[in-house]
Amino acid sequence: MKYQRPKGTADILPGMSEKWSYVEDTARLLFNDYQFHEIRTPMFENFEVFSRSAGDTSDVVTKEMYDFHDKGDRHIALRPEGTAGVVRAYVENKLYAPEQEKPYKVFYMGPMFRYERPQTGRSREFHQIGVESFGSDSPAVDVEIMAMAMDFFNHLGLTNLKLAVNSLGDKETREAYHQALVDYLEPHFNDLSEDSQSRLHKNPLRVLDSKDKKDQEIVANAPSILDFMTPDAQKHLDTVKEMLEALKIPFEIDPTMVRGLDYYNHTIFEIETNSPALGHGWMTICGGGRYNGLVEELGGPETPGFGFGIGMERLLLLLDNLDVTAPISNPLNAYVVGIGEETNVETLKLVQAIRQAGFSADRDYLNRKPKAQFKTADRRQAEFTITVGAQELESQTVHFKSMRTGEETTLPMDAIYQDFASVYDKYSEE
RNA sequence: GCGGUAUUGGUGAAGUGGUUAACACACUGGUUUGUGGAUCCAGCACGCGUGAGUUCGAUUCUCACAUACCGCCCCA
């Protein structure tokens with residue numbers, strides 16, 4: 001094989017692409033119900049857009065960025081996630097302007113890139129569907145968006161989902177907790193895994209997320225961030241909980257949950273599944289939260305924000321596993337069988353006439369025998385076949401056959417050309 | 001970035017250091033000189049991921065590389 005696709009990329013072929021469209025269409029319809037509008041931003045940005053927003057110590061920035069210098073020596077990075085670019089666009093286009101309605105609600109879907117080791121549900125080019133809402137720090141925004149994510153999964157027929165919620169509090173909360181956590185972890189320093197040791201001072205919250213068994217034991221007794229909430233932060237979280245309950249959305253508070261990106265504060269959440277399609281244990285298919293400092297970080301006015309990202313590949317793996325199939329929406333109304341090379345022009349005219357009448361039609365292009373053509377028509381579940389041979393050419397007729405009933409009649413060719421719709425209707429009823 | 005497993009035709013796969021690389025499905029043609037199923041017959045890998053090496057000889061042994069999958073790391 002001379003050429004193969006780059007490591008960690010995938011070809012989405014017919015058969016799969018329909019499922020992608022189905023999921024994307026479902027998202028568009030539902031998000032519109034929530035009055036979110038689509039935004040499309042570049043797939044690459046200046047490196048700093050991501051490094052500033054995600055945090056210099058985050059893994060995404062330190063080792064997973066797909067970056068390069070272009071011919072103008074600009075430091076460019078393929079977007080590793082959607083939020084930073086949307087925030088950049090929000091600021092650059094002055095969408096914070098007073099005449100813009102707040103909150104400003106957008107969604108996006110498209111490819112993202114991270115340089116890492118491919119595995120199930122993880123590739124170098126992957127796709128996310130995400131939403132962002134700017135300009136309100138109301139807990140109602142948090143809950144609306146979490147509810148929308150759950151709503152989306154429900155629409156797709158997913159079950160076995162777990163909504164995990166936590167709060168990272170405000171700046172004051174984080175600082176106090178940060179200190180308490182470092183104080184707690186430092187005596188255990190030598191028992192921590194190597195990774196956690198290096199994280200301890202750079203970003204201690206990440207230690208909470210360690211999968212190392214020993215780390216988890218140590219972390220189990222660590223102070224909880226929930227004990228360090230300022231009154232404001234606590235109130236925000238309480239309201240979120242109250243509203244989730246009011247909407248009867250099941251959730252659990254997970255005080256050890258953190259996010260891989262540094263820009264989050266207050267409410268964060270993940271939607272996880274334990275489907276065997278994604279391996280053992282729980283895997284995240286949706287993650288998001290509140291990022292009140294991010295717009296400012298990228299040069300805009302102080303603006304609260306809230307959003308999430310859904311991993312398309314993982315979502316599709318789940319759907320495949322559940323046998324959730326996209327409705328088939330491309331039936332073949334008529335297959336034109338041409339017998340002999342001399343019918344080549346007429347069959348082309350016929351399929352075009354049928355298509356222009358608003359129906360779907362196809363024909364053979366390999367000069368195959370009638371039997372083979374009928375086989376194809378059968379396999380493709382054509383509703384009707386229209387046969388043309390030398391005799392029909394001579395008499396300007398066609399053999400019109402219902403593949404369902406097997407009945408065949410002779411019709412004037414003009415009936416197809418003039419008004420295929422009524423022919424179709426007439427024989428569909430029988 | 002670190003481990004482990006794998007890589008044979010369009011697909012699922014069997015297999016051996018040495019003539020023609022099983023079998024099945026799919027596809028194409030014929031049986032039916034113009035009609036969907038079934039049967040039967042035939043065709044279908046210049047080649048066993050790529051490149052080197054060992055050997056009289058390698059798809060089968062060794063090494064490197066590539067890719068996929070699994071675990072770690074991390075995340076969507």
Side-chain angles (χ1 to χ4, degrees), chain A residues 1-10 54 57-64 79-83 109-130 149 193-196 198-199 203 206 209-213 215 257-261 270-273 278-288 307-318 335-340 342-343 364 366-393 399-408:
Chain A
M1 203 85 65
K2 195 150 191 191
Y3 297 108
Q4 38 187 330
R5 58 182 190 268
K7 188 185 182 79
T9 61
T57 63
S58 69
D59 287 300
V60 169
V61 170
T62 55
K63 55 181 206 189
E64 293 174 359
R79 60 183 186 192
E81 54 98 28
T83 301
M109 47 189 75
M112 309 288 163
F113 305 85
R114 289 184 201 176
Y115 193 87
E116 59 184 344
R117 195 70 172 261
Q119 263 176 62
T120 306
R122 168 188 310 176
S123 44
R124 289 186 171 179
E125 181 187 27
F126 62 105
H127 298 75
Q128 283 191 344
I129 297 180
S193 67
E194 217 175 291
D195 286 321
S196 291
S198 69
R199 282 195 210 109
N203 192 348
R206 301 217 55 77
D209 202 30
S210 174
K211 301 290 189 301
D212 184 274
K213 247 194 160 156
D215 286 356
M257 183 171 69
V258 298
R259 310 259 63 229
L261 306 169
E270 287 186 356
I271 297 173
E272 299 167 58
T273 172
L278 298 178
H280 308 294
W282 293 85
M283 187 175 258
T284 306
I285 54 168
C286 174
F308 68 66
I310 290 171
M312 266 297 263
E313 280 79 0
R314 291 179 181 185
L315 179 52
L316 285 158
L317 283 171
L318 288 182
Y335 190 92
V336 178
V337 175
I339 302 164
E342 67 268 32
T343 62
D364 172 74
L366 300 174
N367 198 23
R368 289 149 75 222
K369 296 270 158 61
K371 181 187 173 92
Q373 297 189 43
F374 271 89
K375 249 173 138 167
T376 298
D378 185 47
R379 195 168 49 231
R380 291 175 56 181
Q381 297 179 42
E383 294 174 66
F384 298 101
T385 46
I386 297 172
T387 308
V388 183
Q391 303 160 25
E392 288 77 14
L393 239 34
H399 283 183
F400 190 83
K401 178 175 183 175
S402 162
M403 294 299 275
R404 189 169 50 81
T405 65
E407 275 174 49
E408 190 170 41

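Order of the sequence lines sets the chain letters (A, B, ...), proteins ahead of strands, with each chain counted from 1. No hydrogens, no waters, no symmetry mates; every other heavy atom, side chains included, goes into these values.
Comparing U8(B) with C2(B), their C1' atoms are spaced 30 Å from each other, to the whole Å. Comparing A66(B) with G29(B), their P atoms are spaced 43 Å from each other, to the whole Å. Here, C27(B) and C73(B) have their P atoms 47 Å apart, quoted to the whole Å. A21(B) and G47(B) are spaced 12 Å apart, taking the P atom of each and rounding to whole Å. Separating the C1' atom of C72(B) from that of C61(B) is a span of 32 Å, rounded to the nearest Å. For U7(B) and C65(B), the C1' atoms lie 13 Å apart once the distance is rounded to whole Å. Comparing the P positions of C69(B) and C25(B) gives a spacing of 30 Å, expressed to the nearest Å. Distance check on atom C1': U59(B) versus A13(B) gives 15 Å, rounded to whole Å.
Residue His399(A) is in base contact, counting any heavy-atom pair closer than 4.0 Å across all strands shown. As judged by a 4.0 angstrom heavy-atom cut-off over every strand, Gly8(A) is placed among residues touching the sugar-phosphate backbone only. Nucleic acid contact class of Gly406(A) (heavy atoms, under 4.0 Å, all strands): base. Counting non-hydrogen atoms under 4.0 angstrom, Ile310(A) reaches nothing in the nucleic acid. Nucleic acid contact for Ser402(A): base, since at least one base atom lies under 4.0 Å from a heavy atom of the residue. When heavy atoms are screened at a 4.0 angstrom cut-off, Glu272(A) is found touching no nucleic acid atom at all. Residue Glu408(A) is classed as a base contact, given a heavy-atom separation below 4.0 Å to a base. Here Thr83(A) lies out of heavy-atom contact (under 4.0 Å) with every strand.
Computed from coordinates, the Arg124(A) CZ to A76(B) C1' distance equals 16 Å when rounded to whole Å. Going from atom CZ of Arg404(A) over to atom C1' of G37(B) covers 18 Å, rounded to whole Å.
Phosphate contact (OP1/OP2 of U35(B), side-chain N/O of Gln373(A), threshold under 4.0 Å): absent. Phosphate proximity of C73(B) to Arg117(A): absent, as no side-chain N or O sits under 4.0 Å from OP1 or OP2. Lys371(A) has no side-chain polar atom (N or O) that falls below the 4.0 Å cut-off from OP1 or OP2 of G34(B). Side-chain nitrogen and oxygen atoms of Lys369(A) include none within less than 4.0 Å of the OP1 or OP2 phosphate oxygen of U33(B).
Side-chain atoms of Lys375(A) stay outside donor-acceptor range of the base of U35(B), with no qualifying N/O pair under 3.5 Å. Side-chain atoms of Arg114(A) come within donor-acceptor range of the base of A76(B), with a qualifying N/O pair under 3.5 Å.
In this structure, CD in Gln373(A) is found 8.0 Å from CG in Asn367(A), a value given to the nearest 0.5 Å. Between atom CE of residue Met257(A) and atom CD of residue Glu272(A) there is a gap of 7.5 Å, rounded to the nearest 0.5 Å. Here His399(A) contributes atom NE2 and Glu392(A) contributes atom CD; the two are 4.5 Å apart, rounded to the nearest 0.5 Å. Atom CZ of Arg117(A) and atom CZ of Arg122(A) lie 11.0 Å apart (nearest 0.5 Å).
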### Task
In sequence, state the C-alpha distance, the side-chain angles, and the governing distance for His127(A) and Glu313(A), and then conclude on side-chain contact (heavy atoms from CB on, under 4.5 Å).
CA-CA 7 Å; His127(A) 298 75; Glu313(A) 280 79 0; 2.8 Å; yes
### Query
Run the side-chain contact (heavy atoms from CB on, under 4.5 Å) check on Lys401(A) and Phe374(A) step by step: do they pass?
CA-CA 11 Å; Lys401(A) 178 175 183 175; Phe374(A) 271 89; 4.1 Å; yes
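Under the 6.0 Å distance and 45° angle rule, Arg124(A) counts as a cation-pi partner of Tyr115(A).
Relative to the side chain of Tyr115(A), the nucleotides G34(B), G1(B), G36(B) differ in distance, and G1(B) lies closest. With distances taken from any side-chain atom of Arg379(A) to the nucleotides C27(B), G34(B), G36(B), the minimum falls on C27(B). Side-chain proximity of Gln119(A) to C72(B), U28(B), A76(B): nearest is C72(B).
Among the duplex regions that RNA chain B forms, those built from at least three successive Watson-Crick or G-U pairs under 3.5 Å are B:1-7 with B:66-72, B:10-12 with B:23-25, B:27-30 with B:40-43, B:49-53 with B:61-65, ordered by first number.
Environment of CD in Gln381(A): sparse, with no more than 12 heavy atoms of neighbouring residues, nucleotides or ligands closer than 6.0 Å.
Under 3.5 Å, the side chains of Thr273(A) and Arg314(A) contain no donor-acceptor pair of N or O atoms.
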